[in-house]
Amino acid sequence: MFFKFNIERIIRSRKLRLVATALLGAFSLVGSTRADVVIDWNQTAIATLNAAGVRFPPQTRVLAMMHAAVFDAVNATNHRYSAYAVDIYAPDASPEAAAAAAAHGVLLSLIPSQQMNLDAAYAASLAQVPDGPAKENGIALGVTVANGIVALRSGDGSNAIVPYTPGTGPGVWRPTAPAFGPAVFVAFATTTPFTLRSSSQFLAEGPLALTSKDYARDFNEVKSLGAINSTTRTADQTEAAQFWIENSDFTWNLIARLAAAAHQNDLSENARLFALLNMATADGIITGFNTKYTYNFWRPITAIRAADTDGNDDTTADPTWTSLSPTPAHPDYTSNHTIYSAAAAKVLALVFGSDDFDFSITSSTAPNGAVRSYHSFSEAAEECGMARIWVGFHFHTAVKHGFNQGKQVGRFAFEHCLRPVKNN
């Protein structure tokens, strides 16, 4: 009920906002604080992923690795926080040069096809650092840390070839229309996490029984609201559904950049913020795929077309039903976008000491460049979750349980990694 209440609050409050004015406020917010090397390389990484055509979720692994390296490199110069993986103390090194070298080293190792652009960004970063021993020490430090992080993750299982045979019975995932492509990213179900103890640490409790009234409720909700030709989905819900199709790491790193600027973070604080954000959300995706390939629950498009096989008198088949946008090629339960957003929102709220934050953003998939405004991190995460129903991708239970998983992952990462050193 709490989840549903907050979504209703989102819909009501949105009617009171002047989003155009809010957008101008967001732009002025970005410009009010000069970007530092962490922010620069966050944006460079995202541009590089786009240019190279790296897909989601492998993007999450790249961002987590890069920001883990940037954090350990910057932190080595002052030891304000506990190290992540490469524990060095180099107080005579430039943190800016170390961060740039660490980011460049990881990205070049993972995306060598983009060397020209990466080298240009690296040269631009180093040009801002005065020449001298501190700069040279920083470069050496960053290279060492980058090599350490790449070596640490080289055997994480993310690139493993994992056989997967789809099922055929009621409730079991199978390839979905229109492409009917094979299941993707099965290896992420068992990939080594960045902050969690295992990929199954926060395994969800499981989808609803097909014959239950709760399943029929979920079924009829997404059948009505998620259809490509829905007459019950509002214009605002349609806009939100399309807005949140964007890869979650792009959306939430933008939100983090806005928050970092508003809070006037220093370099070390940004190094920690973006490392926690991207490691926790990468772990959220690993958690999601572990849950997906544990339960292998069918997507709404399959369930609705084959409802005459589910044994539930309160569901009715529609063999031509189609979701608002093509359904991704992996199981319904749980929702990865929701997990990612909930983990991101939890990390940001914990780092900044409050969930409250007014911001306005657009996305690469927003219709006509639409801008959406929020009063808190969790409000955005909750809307993302509901948008997965409005787009026709997920049942409500997959969203609800995914939201809980994301919050658990985000809190665990914050409480167990990159903790402040008490004497600082």
Side-chain angles (χ1 to χ4, degrees), residues 1-12 170-173 176 202-228 230-234 236-238 240-245 248 284 287-288 291-292 294-307 310-318 321-325 327-328 330-343 345 378-408:
M1 292 301 294
F2 176 76
F3 188 81
K4 182 178 180 182
F5 170 80
N6 275 326
I7 292 302
E8 291 172 346
R9 172 174 56 79
I10 290 169
I11 295 169
R12 289 198 302 270
V172 180
W173 184 86
T176 54
F202 294 113
L203 180 69
E205 61 196 74
L208 298 169
L210 296 184
T211 56
S212 67
K213 290 187 178 297
D214 286 342
Y215 172 76
R217 177 205 64 209
D218 279 10
F219 176 100
N220 288 313
E221 177 187 41
V222 71
K223 183 181 181 183
S224 175
L225 292 174
I228 191 170
S230 172
T231 59
T232 57
R233 185 180 57 241
T234 68
D236 185 71
Q237 290 169 341
T238 300
Q242 295 171 326
F243 180 99
W244 287 102
I245 290 174
S248 297
T287 296
T291 303
K292 286 176 180 290
T294 294
Y295 295 107
N296 298 291
F297 197 64
W298 60 7
R299 288 279 189 167
I301 189 170
T302 306
I304 293 167
R305 292 183 176 195
D310 64 18
N312 194 317
D313 293 338
D314 294 324
T315 65
T316 302
D318 180 350
W321 189 91
T322 301
S323 53
L324 176 62
S325 187
T327 300
H330 44 79
D332 160 73
Y333 185 87
T334 47
S335 164
N336 270 346
H337 263 55
T338 306
I339 297 172
Y340 188 109
S341 295
S378 62
E379 184 182 15
E382 289 165 359
E383 184 184 79
C384 176
M386 290 303 296
R388 307 313 273 178
I389 299 169
W390 300 331
V391 78
F393 289 174
H394 288 288
F395 294 108
H396 199 117
T397 297
V399 169
K400 179 181 177 180
H401 292 185
F403 195 80
N404 291 336
Q405 284 179 297
K407 290 193 298 182
Q408 289 176 303

Donor-acceptor under 3.5 Å (Trp390 side chain, Arg233 main chain) = no
For Thr315 and Lys223, run side chain to side chain contact (heavy atoms under 4.5 Å, CB included): C-alpha distance rounded to whole Å, both residues' side-chain angles, the deciding distance at 0.1 Å, then the answer.
-> CA-CA 10 Å; Thr315 65; Lys223 183 181 181 183; over 6 Å; no
Side chain to side chain contact (heavy atoms under 4.5 Å, CB included), paired with Ile304, selected from Asp318, Thr316, Asn220 | Asp318
With rounding to the nearest 0.5 Å, note down the distance linking CG in Leu208 to NE2 in His396.
-> 10.5 Å
Approximate separation, where rounding is to 0.5 Å, of Leu203 CG and Gln405 CD | 7.0 Å
Could you state the interatomic distance from CG (Asp236) to CD (Glu383), rounded to the nearest 0.5 Å?
-> 7.0 Å
Report yes if the side chains of Trp298 and Asp310 come closer than 4.5 Å at any heavy-atom pair, otherwise no.
-> yes
Return the set of residues passing ring pair (Phe, Tyr, Trp, His ring centres under 6.0 Å) with His394 (not counting sequence neighbours), or none when no residue passes.
-> none
Donor-acceptor contact below 3.5 Å, side chain Asp332 vs main chain Phe395 | yes
State the OG-CH2 distance between Ser224 and Trp321, to the nearest 0.5 angstrom.
-> 10.0 Å
How many angstroms lie between atom OG1 of Thr291 and atom CG of Asn296, to the nearest 0.5 angstrom?
-> 11.0 Å
Excluding sequence neighbours, so at least two apart, what forms salt bridge (Lys or Arg N to Asp or Glu O under 4.0 Å) with Asp214?
-> Arg217
Apply side-chain hydrogen bond (donor to acceptor under 3.5 Å, both in side chains) to Ser323 and list each qualifying residue two or more places apart in sequence or on a separate chain.
-> Thr327
d(Phe297 CZ, Thr302 OG1) to nearest 0.5 Å is 10.5 Å
Nearest heavy-atom neighbours spanning Gly284 and Ile339 = O-CG2, 3.3 Å
Residues in ring pair (Phe, Tyr, Trp, His ring centres under 6.0 Å) with Tyr333, at least two apart?
-> Tyr295, His401
Return the set of residues passing side-chain hydrogen bond (donor to acceptor under 3.5 Å, both in side chains) with Lys292 (not counting sequence neighbours), or none when no residue passes.
-> His330
Which of these passes side chain to side chain contact (heavy atoms under 4.5 Å, CB included) with Pro300: Val222, Asp218, Ile389?
-> Val222
Closest heavy-atom contact between Ser341 and Cys384?
-> OG-SG, 3.2 Å
Kindly say whether Ala216 contributes a backbone atom to a donor-acceptor pair with the side chain of Asp314 at under 3.5 angstrom?
-> no
Report the residues that fulfil side-chain hydrogen bond (donor to acceptor under 3.5 Å, both in side chains) with Asn312, sequence neighbours left out, ordered by chain and then residue number.
-> none
Taking Arg299 for the side chain and Phe393 for the main chain, is one N or O donor matched with an acceptor at less than 3.5 Å?
-> yes
